[in-house]
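Note: hydrogens, waters and symmetry copies are ignored here, and every other heavy atom, side chains too, is used.
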Amino acid sequence: RCDGAGQALYDEGVTGLALLAFLRAGDVTPGVRKGLDFLIASQEAGGRFGTVRTQHFIYNSAIATWALSEGFARTRDKRYEAAAQLGLDYLEKARNPYLAWRYGERSGENDTSVTCWCVQALAAGQRAGLRVDKGSFGGARAWPDKRTGPAAGQVGYIVRGGAPARPQDLVDRFP
């Protein structure tokens with residue numbers, strides 16, 4: 001259930017998700033460009049998007065970077081190229097050495113959700129012709145292998161073959 005208007009801490013991520021829906025459909029109307037411009041305005045000098053007032057800020061960066069990469073691919077606008085490249089560089093710096101991502105920057109921990117969002121951003125950047133370190137994909141591919149249980153093939157969120165991060169009532173309803 002929706003319990004309100006949302007949280008401003010995630011404006012960049014939610015904006016990026018909305019933009020991806022339009023961009024993937026080929027829409028680059030002025031409204032979409034305005035959304036991309038909002039993302040550029042919310043990017044800090046090191047490439048991160050949004051605030052660090054939440055431990056989950058890496059989601060904003062991954063999704064905004066993905067949207068800007070798609071925006072650049074559709075428009076070839078140099079402003080989107082520069083912002084997307086800066087976002088890609090940031091994500092690569094935030095990745096744990098030789099593996100994947102979790103909350104924060106090089107936290108030493110990894111998880112499946114954050115890693116998948118970051119990989120989507122990197123793949124979009126690569127498709128757009130931006131500079132992406134191929135080593136980032138190798139670590140990301142290794143992470144699910146390390147978390148897949150050998151018996152049932154279930155991929156754990158953090159623990160090998162373990163449960164997802166969803167609340168137990170949702171796991172029970174949607175196994």
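A donor-acceptor pair under 3.5 Å is absent between the side-chain atoms of N96 and the main chain of L99, judged by distance alone. Remark: side-chain polar atoms of N110 are paired, donor with acceptor, to backbone N or O of A100 under 3.5 angstrom. Looking only at distances, no side-chain donor or acceptor of T65 sits under 3.5 Å from a matching main-chain atom of A62. The backbone N or O of L91 sits less than 3.5 Å from a side-chain atom of W101, completing a donor-acceptor pair.
Here the side chains of W117 and W66 are in contact, with some heavy-atom distance below 4.5 Å. F38 is listed as a side-chain neighbour of E12, based on a closest heavy-atom distance under 4.5 Å. The closest side-chain heavy-atom distance from Y80 to R33 is below 4.5 Å. You'll find the side chain of T115 stays beyond 4.5 Å of the side chain of R102, heavy atoms only. R79 is listed as a side-chain neighbour of I40, based on a closest heavy-atom distance under 4.5 Å. Within the 4.5 Å cutoff, the side chain of Q85 has no heavy atoms near those of the L68 side chain.
Between R95 and E92, none of the side-chain N atoms (NZ, or NE/NH1/NH2) sits under 4.0 Å from a carboxylate O, so this pair counts as no salt bridge. The pair K93-E105 does not count as a salt bridge, with every side-chain nitrogen at least 4.0 angstrom from each carboxylate oxygen. Between D89 and R131 a salt bridge is recorded (basic side-chain N to carboxylate O distance below 4.0 Å).
Residues L130 and S69 approach most closely at CD1-OG, 3.9 Å, considering heavy atoms. In plain terms, the two heavy atoms of A83 and F49 that are nearest each other are O-CZ, 4.3 Å. Nearest heavy-atom pair across L86 and E44 is CD2-O, 4.1 Å. The nearest pair of heavy atoms linking I63 to L17 is CG2-N, 3.5 Å. Nearest heavy atoms, N60 versus G13: OD1-N, 2.9 Å. Residue V132 comes nearest to L122 through the heavy atom pair CG2-O, 3.6 Å, listed as atom of the first residue, atom of the second, then distance.
The local environment of CZ in F22 is sparse, with at most 12 non-hydrogen atoms from other residues, nucleotides or ligands closer than 6.0 Å.
To the nearest 0.5 Å, atom NZ of residue K34 and atom OG1 of residue T29 are 11.5 Å apart. Rounded to the nearest 0.5 Å, atoms SG (C118) and OH (Y59) are 9.0 Å apart. Rounding to the nearest 0.5 Å gives a distance of 9.0 Å between CG of L20 and CD of Q120.
Ring orientation note: the planes of Y103 and H56 are nearly perpendicular, at an angle over 60° on the 30°/60° scale.
Relative to the six-membered ring of F72, R76 meets both conditions, a distance below 6.0 Å and an angle of at most 45° to the axis.
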Assess whether side-chain contact (heavy atoms from CB on, under 4.5 Å) is satisfied between Y90 and I58, documenting all intermediate values. CA-CA 10 Å; Y90 170 77; I58 193 79; 3.9 Å; yes
